Amino acid sequence: MGEQTTTISFPPEILEQYAGLGIDLPALFSAGHLGERMGIRILEAAPDKVVGTMPVEGNTQPYGLLHGGASAVLAETLGSIGAMLHGGPGKIAVGVDLNATHHRGLRSGTVTGTATPVHRGRSSATYEVAILDDATGKRVCTARLTCMLRPATPTTSTNGAA
């Protein structure tokens, strides 16, 4: 998906599951090219919890506040990574529903999102994402993402393309 400059923490069972498949986990489970442009960094990635950060600067709307779409990109990135890890190397995750409630505006700083599963099934996975202001610890946005889990083809399982 994209180049990752921060080391992502993967649990040992995930590293074992992908060992020997020739898949670059940090690149596959990254924020992708859009996330790179937005400054999203994935810090921790596991099926039960995905954590990432994003700067407010560069991701604002005309009033100078954090853009709601930027929060949605962070939420979809984190939830998708969780769903992909839940599905394993034999499946790809495709977002089918995203909703976000924006609780407060920010003009500067960094936000941290944490995605945790609400449902993890064979054909779908739903994650709740809490996005907090790093400076105050207050919730900026609450989002929910549902992904379909589809069988991976040889092309999609090695490079992450859908």
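Please read all numbers here as calculations on a predicted model, not as lab measurements.
Among residues two or more places apart in sequence or in another chain, the side chain to side chain donor-acceptor pair (under 3.5 Å) test is passed with T114 by none. Among residues two or more places apart in sequence or in another chain, the side chain to side chain donor-acceptor pair (under 3.5 Å) test is passed with T53 by none. Among residues two or more places apart in sequence or in another chain, the salt bridge (charged side-chain N to carboxylate O under 4.0 Å, His left out) test is passed with D97 by R144. Every residue two or more places apart in sequence or in another chain that forms a side-chain contact (heavy atoms from CB on, under 4.5 Å) with E13 is listed here: P11.
Interatomic distance, Q17 CD to L85 CG, rounded to the nearest 0.5 Å: 8.0 Å. For the atom pair L132 CG and R104 CZ, the distance stands at 10.0 Å (nearest 0.5 Å). Atom NE2 of H102 sits about 8.5 Å away from atom CD1 of I131, to the nearest 0.5 Å. Here the CG-CD distance, from N99 to E128, works out to 10.0 Å after rounding to the nearest 0.5 Å.
When every heavy atom of L78 is checked against every heavy atom of V51, the shortest pair comes out as CD2-C, 4.0 Å. Here the closest heavy-atom approach between residue C141 and residue A100 is recorded as SG-CB, 3.9 Å. Residue V111 comes nearest to L106 through the heavy atom pair CG1-CD1, 3.4 Å, listed as atom of the first residue, atom of the second, then distance. Heavy atoms only, all atoms of each residue included: G39 and P55 are closest at O-CD, 3.3 Å.
H86 places no side-chain N or O within 3.5 Å of a backbone atom of D48 that could act as its donor or acceptor partner. In this structure, the side chain of K91 does not engage the main chain of A83 through any donor-acceptor pair within 3.5 Å.
Alongside L145, the hydrophobic cluster contains L98 (criterion: ILVMFWY side chains under 4.5 Å).
Counting only heavy atoms from C-beta outward, the side chains of L66 and M54 approach each other to under 4.5 Å. L149 is not listed as a side-chain neighbour of R122, based on a closest heavy-atom distance of 4.5 Å or more.
By the criterion of side-chain heavy atoms lying less than 4.5 angstrom apart, applied directly or through intervening Ile, Leu, Val, Met, Phe, Trp or Tyr residues, L74 is not grouped with L65; the two fall into different hydrophobic clusters. At a threshold of 4.5 Å between side-chain heavy atoms, the hydrophobic network of Ile, Leu, Val, Met, Phe, Trp and Tyr places M84 and V96 in two separate groups.
Listed by first then second residue, pairs satisfying salt bridge (Lys or Arg N to Asp or Glu O under 4.0 Å) with a partner in residues 132-142 number zero, not counting sequence neighbours. Listed by first and then second residue, the salt bridge (Lys or Arg N to Asp or Glu O under 4.0 Å) pairs that reach into residues 52-65 come to none, sequence neighbours excluded. Applying the salt bridge (Lys or Arg N to Asp or Glu O under 4.0 Å) test to pairs two or more places apart or on separate chains, none has a residue in residues 105-117. Listed by first then second residue, pairs satisfying ring-ring contact (aromatic ring centres under 6.0 Å, His included) with a partner in residues 8-27 read Y18-F29, not counting sequence neighbours. Applying the side chain to side chain donor-acceptor pair (under 3.5 Å) definition to pairs two or more places apart or across chains, none involves residues 59-81.
Residue Y127 is tested with H119, K49, R120 for a side-chain contact (heavy atoms from CB on, under 4.5 Å); the sole match is R120.
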